[in-house]
Amino acid sequence: MRRAEIRRRVIYVATIILLVVLAFTIDWQQLQQSFFQPDIIKAMFPDVILIGAKNTIIYTTLAFSFGLVLALFLALMKRSTIGPYRWFATGYIELFRGLPALITIILVAFGLPLALGIRIPGGTLGKGTLGLGLVAGAYMAETIRAGIEAVPRGQMEAARSLGMPKSTAMTYIILPQAFRIIIPPLTNELVLLIKDTSLLFVIGTTPLSKELTKFARDFMTSTQNATPLTVVAFMYLLITLPMTFLVQRLERKAGKGR
Amino acid sequence: MTVSAPPIEIEDLHKSFGELEVLRGVDLSVTTGEVICIIGPSGSGKSTLLRCVNLLEVPSAGRVLIEGYDITDPETDVDEVRAKIGMVFQQFNLFPHLTVLKNLTIAQRKVLGRATDEAISVAEAMLSRVGLADKRDEYPIRLSGGQQQRVAIARSLCMNPDMMLFDEPTSALDPELIDEVLDVMRALADEGMTMLIVTHEMRFAKQVADRVLFIDEGVIQEQGPPSDVLENPKNERTRRFLRAVEH
Ligand SMILES: Nc1ncnc2c1ncn2[C@@H]1O[C@H](COP(=O)(O)OP(=O)(O)O)[C@@H](O)[C@H]1O
Ligand SMILES: [Mg+2]
């Protein structure tokens, strides 16, 4: 008890000393010049929102929708009584969760056209959505499966004993309850996906299809300054922080309800 | 289907879970309108027997005929048969994401193909029958256990079942809520519903049952009218069981 108290005070004092030392050693002028140049900030608007943020949100929305549908099928396949369905789902999920997302994106954007001569339609939007969605689908499949399994067994039994075929019971009884359970983890996946859209800078984008990260990089190159990074960092936080708070609220509410 | 086919006919039914043989040869023929109470110690296979009747468990051997149709035959449309058999569970198993009314209409619409209006009027009639017409817009969580179980019974009745299975319908209820559920079941029995009831309510069984089955170790050890099985049991196991539950 006493020792813990002493340790805590030492940490507080050390932190304050560190901050004071930093305040004197840091070249504030230099810092402001590199990260907070008002001219550059001004120059980035309104395009950082009208192009960067807009595209980030579009890529996220499309990849999430595609990933969610894919995940639903994978989750149902993984629970199937038919062996090959289960094997495929398991193989898919493990493969795409095991690979770095960047590899999948490069594979879709450059690998497939090179190897098979397949051109993914829709430009950056098509390639980006497909690559990110394939990965998101693998992660969300496990989330959905966990949700389905969290619905008590008696629900399926009651539905079946009313004469509902399995698919009807799934659609109207099990899945609505499962999705309610997994709204918090799914929102988390969405936040991760928003951040992962930054990986799309590797596929090269036309001026109008840049998402936030690519937008910032190009601005950094032309200005030789790090300020654009600060601006898009704020943009990301502006999108992700409210969602993270929402998840926390939902989780608290779910915790109370049960 | 012949007119004389009994609602439920079970022939030499066996059910194993892995090594564990739970049912070891059950024969049972239920006549139309008959009310059968099934008693027996915990773990003796009562639930398993009931669940084999609507194929929630697949029998390991033997046959189950519902109105003459062999439901263990892979050709039989199980969903169609199940819609004719109402089932009431110990844990109610209402759908928590749906209101009481939707709990009662969903299967009518998706299974029987009834129009929404018709499904609603049937549901309202059944809710009145179990005395819960005023709860139609509530969610199940807001109801007491007794009310939930009555809604579950009404939900089954909406499908116009030819027979009903009850698996310990009052075992999860506080004592003061038991009678409201038993009253609904008693009314059903009076109206001529064919019923198979697993229960520990001996007084109810005495009043309502046409026949009582005592099951132990996966076989029917003794059966007959309640006055025989419950009041003058011949089997030593039955006597021991009844002594145990009375104290
Ligand atoms: N799905 C199952 N898997 C394995 N064992 C089971 C399963 N269902 C029931 N059993 C076992 O079968 C036996 C009989 O169970 P049950 O029919 O529920 O008995 P009762 O309803 O008479 O109490 C018990 O030993 C139980 O553990
Ligand atoms: Mg039981």
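The analysis underlying the following values was restricted to heavy atoms, covering all of them including side chains, and did not include hydrogens, waters or symmetry mates.
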Quiz prompt | Heavy-atom pairs under 4.5 Å with chain B, option from A:Ile173, A:Thr168, A:Thr171 with the top count | solution = A:Ile173
Quiz prompt | For A:Tyr92, ring pair (Phe, Tyr, Trp, His ring centres under 6.0 Å) partners two or more places apart | solution = A:Phe96
Quiz item: Going by residue number, which parts of residues 64-76 of chain A are within reach of chain B, meaning a heavy-atom gap below 4.5 Å?
Solution: none
Quiz item: Just checking heavy atoms, which of residues 139-155 of chain A are less than 4.5 Å from chain B?
Solution: A:Arg153, A:Gly154, A:Gln155
Exercise. Counting only heavy atoms closer than 4.5 Å, note whether A:Ala159 contacts chain B via side chain, backbone, both or neither.
Key: both
Quiz item: When rounded to the nearest 0.5 angstrom, what is the spacing between CZ in A:Arg160 and CG in B:Leu55?
Solution: 9.5 Å
Exercise. For A:Phe245, look at atom CZ and say whether over 12 heavy atoms of other residues, nucleotides or ligands are found less than 6.0 Å away.
Key: no
Practice problem: Could you grab the distance from atom CD of B:Gln91 to atom CD of A:Glu157, nearest 0.5 Å is fine? | Solution: 11.5 Å
Practice problem: Any chance you could measure A:Tyr172, atom OH, to B:Arg109, atom CZ, to the nearest 0.5 Å? | Solution: 7.5 Å
Quiz item: How far does CG of A:Leu162 sit from CG of B:Asn103, to the nearest 0.5 angstrom?
Solution: 9.0 Å
Quiz item: With sequence neighbours excluded, what pairs up with A:Lys210 under the salt bridge (charged side-chain N to carboxylate O under 4.0 Å, His left out) test?
Solution: A:Asp218
Quiz prompt | Rounded distance (nearest 0.5 Å) linking atom CG of B:Asp167 with atom OG of A:Ser161 | solution = 11.0 Å
Practice problem: Check whether B:Arg155 gets within reach of chain A through its side chain, its backbone, both or neither, counting any heavy atom under 4.5 Å. | Solution: both
